[in-house]
Amino acid sequence: MPVAIRLAGIDSEQLPRIVAGREAAPLEWLEWAEEPGHDLVALDDGRAVGGIHVSIVGRTEAWMEAIRVHPDVQGRGIGGQLVREAEALARHYGAAVMRTSIPAHDYGALSLAERAGYRQTARCVVVETEVAPGPAHVPYDAPVEHPRAEQTPAVLRFLEHTPALAAWDKLVPLGWRFRRISPELVRGLIKDRRAALALRPERSEEPQACVLFARPEEAVVVSLLDGTPPGMQAVFGEVLEQAQDGEVRRVVVFAHQLDALAPLDVREWRPHPWCPDGLVIVQKNLAS
Ligand SMILES: CC(C)(COP(=O)(O)OP(=O)(O)OC[C@H]1O[C@@H](n2cnc3c(N)ncnc32)[C@H](O)[C@@H]1OP(=O)(O)O)[C@@H](O)C(=O)NCCC(=O)NCCS
């Protein structure tokens, strides 16, 4: 019998993020979130047996995460029902596309997504390294600057031609949520000083690398870092400085593939424990 699915209020009982030892979402998903969202709760005779979180992440884009169903009632269609209700909610707010990411080894969730009509659109690795205290030792000589608002079109043009954005089908992760890159998004990051450029050594205005990052409490989180090898080293120097300034030791990087980070010469990249084999990003057109 289908369960009732309701919007959760502040006081609603909810199923915890960890279900029978499986984490439905990474530990930091809310802390790194850029926007609020809605929790849907599945109720069976008034008892919370499932949940999902939906956020609107762009003018017509939605993101769902943290889907979970109590082990006692798994395999009865509740996961599928939660996804359908999340889609209805997203449509209500004008979304034409829904996306989510799934750890590459999580065959149950991948299969649920496939059955619900989702198709793979990108893959991503999430890796982290520890920053040693003290000044950063990164060999670079390219000047690094925070771009100005009027440079938005140039920064966007540069980003759109990076291998990372090509591999991600022009999607960029902010926190754990991917969304389409747009002038508004880039302008916002520039305004918040969350973008840095490595310029050509002759100090022309032309970028040779770019990094987009966030500085939540415990880490510096890099959404995208791409460009020439010396340029990448230069903007990574800026990331390390951000870590020093914020007195954090943890740098987390989202990348389209681990090899792409080789120019940074980091001794050890540890895979993020939630997705040690990387992430699969899937999407569905809600208009169809
Ligand atoms: C993933 C999860 C939400 C699925 O919930 P559920 O209520 O059991 O899913 P449903 O019964 O609606 O299953 C829908 C489809 O998904 C597939 N599926 C679900 N779980 C599966 C599993 N463990 N292995 C293989 N396929 C699975 C089935 O193909 C099913 O389709 P079918 O009924 O036509 O065969 C649930 O297993 C769960 O809470 N896991 C722990 C938390 C988690 O890992 N969340 C995902 C994070 S990305």
Side-chain angles (χ1 to χ4, degrees), residues 1-8 12-35 37-55 57 61-90 95 97-127 168 171 173-179 252 254 271-284 286:
M1 210 183 72
V3 291
I5 308 237
R6 300 269 180 273
L7 258 180
S12 303
E13 184 204 347
Q14 294 213 33
L15 202 60
R17 182 182 59 89
I18 300 178
V19 173
R22 300 285 298 259
E23 292 178 272
L27 189 60
E28 321 88 339
W29 68 281
L30 259 191
E31 201 182 309
W32 296 359
E34 304 266 342
E35 52 276 295
H38 308 271
D39 280 303
L40 291 174
V41 56
L43 296 170
D44 189 12
D45 238 355
R47 180 175 77 114
V49 293
I52 193 167
H53 187 90
V54 190
S55 289
V57 297
E61 299 166 275
W63 182 265
M64 60 183 183
E65 61 204 353
I67 183 168
R68 62 228 185 264
V69 170
H70 194 284
D72 290 354
V73 290
Q74 283 180 9
R76 284 176 22 188
I78 299 172
Q81 212 186 324
L82 280 163
V83 170
R84 286 193 295 280
E85 292 291 335
E87 291 170 353
L89 184 67
V97 63
M98 175 74 96
R99 300 191 186 92
T100 192
S101 63
I102 301 170
H105 62 269
D106 191 341
Y107 302 112
L110 287 166
S111 158
L112 167 63
E114 196 182 326
R115 297 289 290 221
Y118 286 75
R119 297 290 167 260
Q120 178 174 327
T121 183
R123 287 185 80 99
C124 169
V125 294
V126 187
V127 290
W168 285 342
L171 302 177
L174 293 188
W176 289 90
R177 301 172 184 162
F178 282 73
R179 75 283 313 277
V252 183
F254 286 69
H272 190 282
W274 189 64
C275 50
D277 305 315
L279 287 175
V280 176
I281 292 88
V282 295
Q283 72 175 33
K284 178 176 170 180
L286 296 182

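Order of listing sets the numbers, starting from 1, for every ligand and every atom in it. Count residues from 1 along the sequence.
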| message | Looking at every heavy atom in both Lys284 and Ala116, which two are closest together, and how far apart are they? | response | NZ-O, 2.8 Å
| message | Within the 4.5 Å heavy-atom criterion, are Val49 and Ile78 side-chain neighbours or not? | response | yes
| query | Looking at atom 39 (O) of ligand 1, what's its closest protein heavy atom, distance included? | reply | Val69 N, 2.7 Å
| field | Per-residue contact class, Arg115 against ligand 1 - non-hydrogen pairs under 4.0 Å | value | side chain
| query | So do Ile5 and Gln81 actually touch side chain to side chain, heavy atoms under 4.5 Å? | reply | yes
| request: Output the list of atoms in ligand 1 that are nearer than 4.0 Å to some heavy atom of Arg76, sorted by atom number. | output: 11 (O)
| said: Judged on heavy-atom distance to atom 45 (N) of ligand 1, which of Leu15, Ile67, Val49 sits nearest? | reply: Ile67
| request: Count the heavy atoms of every other residue, nucleotide or ligand shown that sit under 6.0 Å from CG of Asp45, and state whether that count exceeds 12. | output: no
| Relative to ligand 1, is Glu65 under 4.0 angstrom through side chain, backbone, both or neither, heavy atoms considered? | neither
| query | Among all protein non-hydrogen atoms, which one is nearest to atom 40 (N) of ligand 1, and what is the separation to 0.1 Å? | reply | Gln74 NE2, 3.8 Å
| remark: In this structure, atom 47 (C) of ligand 1 is nearest to the protein heavy atom Ala24 O, 3.3 Å
| said: I need the nearest protein heavy-atom contact for atom 41 (C) of ligand 1: residue, atom name and distance, please. | reply: Arg22 CB, 3.9 Å
| message | Suppose we measure from atom 8 (O) of ligand 1 to each protein heavy atom; which comes out shortest, and what is that distance? | response | Gly75 N, 2.7 Å
| request: Would you indicate which of Gly77, Ala109, Gly108 comes nearest to atom 48 (S) of ligand 1 when only heavy atoms are counted? | output: Ala109
| said: How far is atom 13 (O) of ligand 1 from the closest protein heavy atom, and which atom is that? | reply: Leu112 CD1, 4.1 Å
| message | I need the nearest protein heavy-atom contact for atom 12 (O) of ligand 1: residue, atom name and distance, please. | response | Gly80 N, 2.8 Å
| task | Could you grab the distance from atom CZ of Arg123 to atom CG of Leu279, nearest 0.5 Å is fine? | result | 9.0 Å
| note | Contact region, Asp106 to ligand 1, non-hydrogen atoms below 4.0 Å, reads side chain
| query | How about Ile102 and Thr100: do any of their side-chain heavy atoms sit closer than 4.5 Å? | reply | yes
| Nearest option to atom 9 (O) of ligand 1, as decided by whichever heavy atom of Gly51, Pro103, Gly79, Ala20 sits closest | Gly79
| message | With side chain to side chain contact (heavy atoms under 4.5 Å, CB included) as the criterion, how do Arg99 and Glu61 come out once you've worked through the C-alpha distance, each side chain's angles and the decisive distance to 0.1 Å? | response | CA-CA 8 Å; Arg99 300 191 186 92; Glu61 299 166 275; 2.8 Å; yes
| query | Within a distance of under 4.0 Å, is there any protein heavy atom near atom 32 (P) of ligand 1? | reply | yes
| query | Would you call Arg179 and Glu35 a salt bridge, using N to O less than 4.0 angstrom? | reply | yes
| query | Salt bridge between Arg177 and Glu34, side-chain N to carboxylate O under 4.0 Å? | reply | no
| query | Taking Trp176 as the fixed residue, which of Trp63, Trp29, Trp32 is the one that meets the ring pair (Phe, Tyr, Trp, His ring centres under 6.0 Å) rule? | reply | Trp32
| request: Identify, by atom number and element, the atoms of ligand 1 in contact range of Ser111, meaning under 4.0 Å from any of its heavy atoms. | output: 17 (C), 18 (N), 26 (N), 27 (C), 28 (C), 29 (O)
